[in-house]
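Okay, structure first, notes after.
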Number of protein chains: 2
Amino acid sequence: MIQSLSEHDREKLQDSLAHSGQKVTPQREIVFAVLLAKRDHPTVEDVFQRARESMPGLSLATVYNCLETFVGCGLVRQVNHERESTRYCPNLAPHAHFRDEATGHVHDIELPPEIIQSLRSILPPGFNSETIEISFHGRSQESAQRSTSN
Amino acid sequence: MIQSLSEHDREKLQDSLAHSGQKVTPQREIVFAVLLAKRDHPTVEDVFQRARESMPGLSLATVYNCLETFVGCGLVRQVNHERESTRYCPNLAPHAHFRDEATGHVHDIELPPEIIQSLRSILPPGFNSETIEISFHGRSQESAQRSTSN
DNA sequence: TTGCAAGTTGGAATCATTCCAACTCATTTC
DNA sequence: GAAATGAGTTGGAATGATTCCAACTTGCAA
Ligand SMILES: [Mn+2]
Ligand SMILES: [Mn+2]
Ligand SMILES: [Zn+2]
Ligand SMILES: [Zn+2]
């Protein structure tokens, strides 16, 4: 069960929504709270399941709508890996993602500004990028342990 | 209309397929030739249209099969952007992709080894990555010109 | 009160991809 | 050389994430 938003987070939600002319609703509060509660890059379906525990009448369509709204006002990032379901990430700091092939888990990897700079610098003249997505694919300790301890 | 494979490319195809116990077929030759002919990161549908000009009976299912086979034996890479259709790239050198939001075109960006190294180096201990995907999102000269010259 | 606009809802529609069973064709096996 | 084998191909059906839509709800404004 999701506990409600902290004063600070509720304010961030209200503020970001207001900035793009939209309102806080009970559904949006819960969906946002779900994202903040467990930062494991949940899919829409994951969010739907978790949010339902607090609001049984919530619909899947609304979860899609809320998440789209959040992405639109910059509260959340979408994370795609290959052709899998889209995942959602409330971490707004510049970061890359590490996808553990063994567990399917997605981890945030901090991105130092100088790396971002050096990446921008490899673009030929005439190419202006607004965003850079970086995703690693591999195994982490987590999964290595599982396979040796089993 | 696609011209047939050069001796060198046919050999590469034959060799890569043989290495994973598979055979050269007319369909695979044409699909591979289509990929080499225009390196614009075509979708399955694009490849299907182009290949059909040389082999009208070719089926979409076969194009999916051929491309999957090529990915499996390392002849081509899949390229995904957001939730769009998968694209295919026969450039085997390490490179990133630049997606022009205005035109939808995808460009290869050469990746210097030192950038790859520095990226690997930001992974915390315990994370071992086999592959790194980097994609830029933005506008290129190409699209800037279009919007000012129109 | 009534009206309006934003938001929510359930179900239908979309669309890329995967699955499947029948068919083709080249290569063994008898 | 007929029959069997097996990889590959094919068209169409199934899948599954996402989008679309029309009806319903709600809070606020006229
Ligand atoms: Mn503000
Ligand atoms: Mn070889
Ligand atoms: Zn993240
Ligand atoms: Zn490429």
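Computed from a prediction, not measured in an experiment: that's the story for all the values here. A note on names: the letters A, B, ... follow the listed sequences, proteins ahead of strands, and every chain is numbered from 1.
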Phosphate contact (C:dA16 OP1 or OP2) by B:Arg83 side-chain N/O below 4.0 Å: no

Interatomic distance where CD belongs to A:Gln27 and P belongs to D:dT25 [whole Å]: 14 Å

Touch class at under 4.0 angstrom, heavy-atom based, for A:Gln22 against every strand present: sugar-phosphate

Any A:Arg28 side-chain nitrogen or oxygen under 4.0 Å from OP1 or OP2 of C:dG7: yes

Whole-Å distance separating the NZ atom of A:Lys23 from the C1' atom of D:dA29: 11 Å

B:Arg52 CZ to D:dT10 P, straight-line distance once rounded to whole Å: 10 Å

Rounded distance in Å - CG (A:Leu58) to P (C:dT8): 9 Å

Spacing between B:Tyr64 atom OH and D:dT15 atom C1', to the nearest angstrom: 13 Å

Any B:Thr86 side-chain nitrogen or oxygen under 4.0 Å from OP1 or OP2 of C:dT17: yes

Expected output: side-chain B:Ser16 to main-chain B:Leu13 donor-acceptor under 3.5 Å: no

Closest heavy-atom pair and its distance - A:Gln14, A:Val24: CA-CG2, 3.5 Å

A:Arg139 backbone acceptor or donor facing A:Asp100 side chain under 3.5 Å: no

side-chain N/O B:Ser85 vs C:dC15 OP1/OP2, d < 4.0 Å: no

First of B:Asn65 and A:Leu60 reached from the 5' end of DNA chain D, by closest nucleotide: B:Asn65

Between C1' of D:dA17 and CD of B:Glu84, the distance in whole Å: 15 Å

Residue A:Ala61, side-chain atoms from C-beta onward, closest of D:dT18, C:dT9, D:dG8: C:dT9

Within the 6.0 Å centroid threshold, strictly below: B:His41 and B:His105: no

Rounded interatomic separation in angstrom, taking CG from B:Asn80 and P from D:dA17: 16 Å

A:Ser59 side-chain N/O to C:dT9 phosphate OP1/OP2 under 4.0 Å: yes

Sugar-phosphate, base or nothing in reach of A:Thr62, heavy atoms under 4.0 Å: base

Gap between atoms CG and P, on A:Leu67 and C:dG7 respectively (whole Å): 15 Å

Where A:Val47 and A:Val31 come nearest, the two heavy atoms and their spacing: CG1-CG1, 4.0 Å

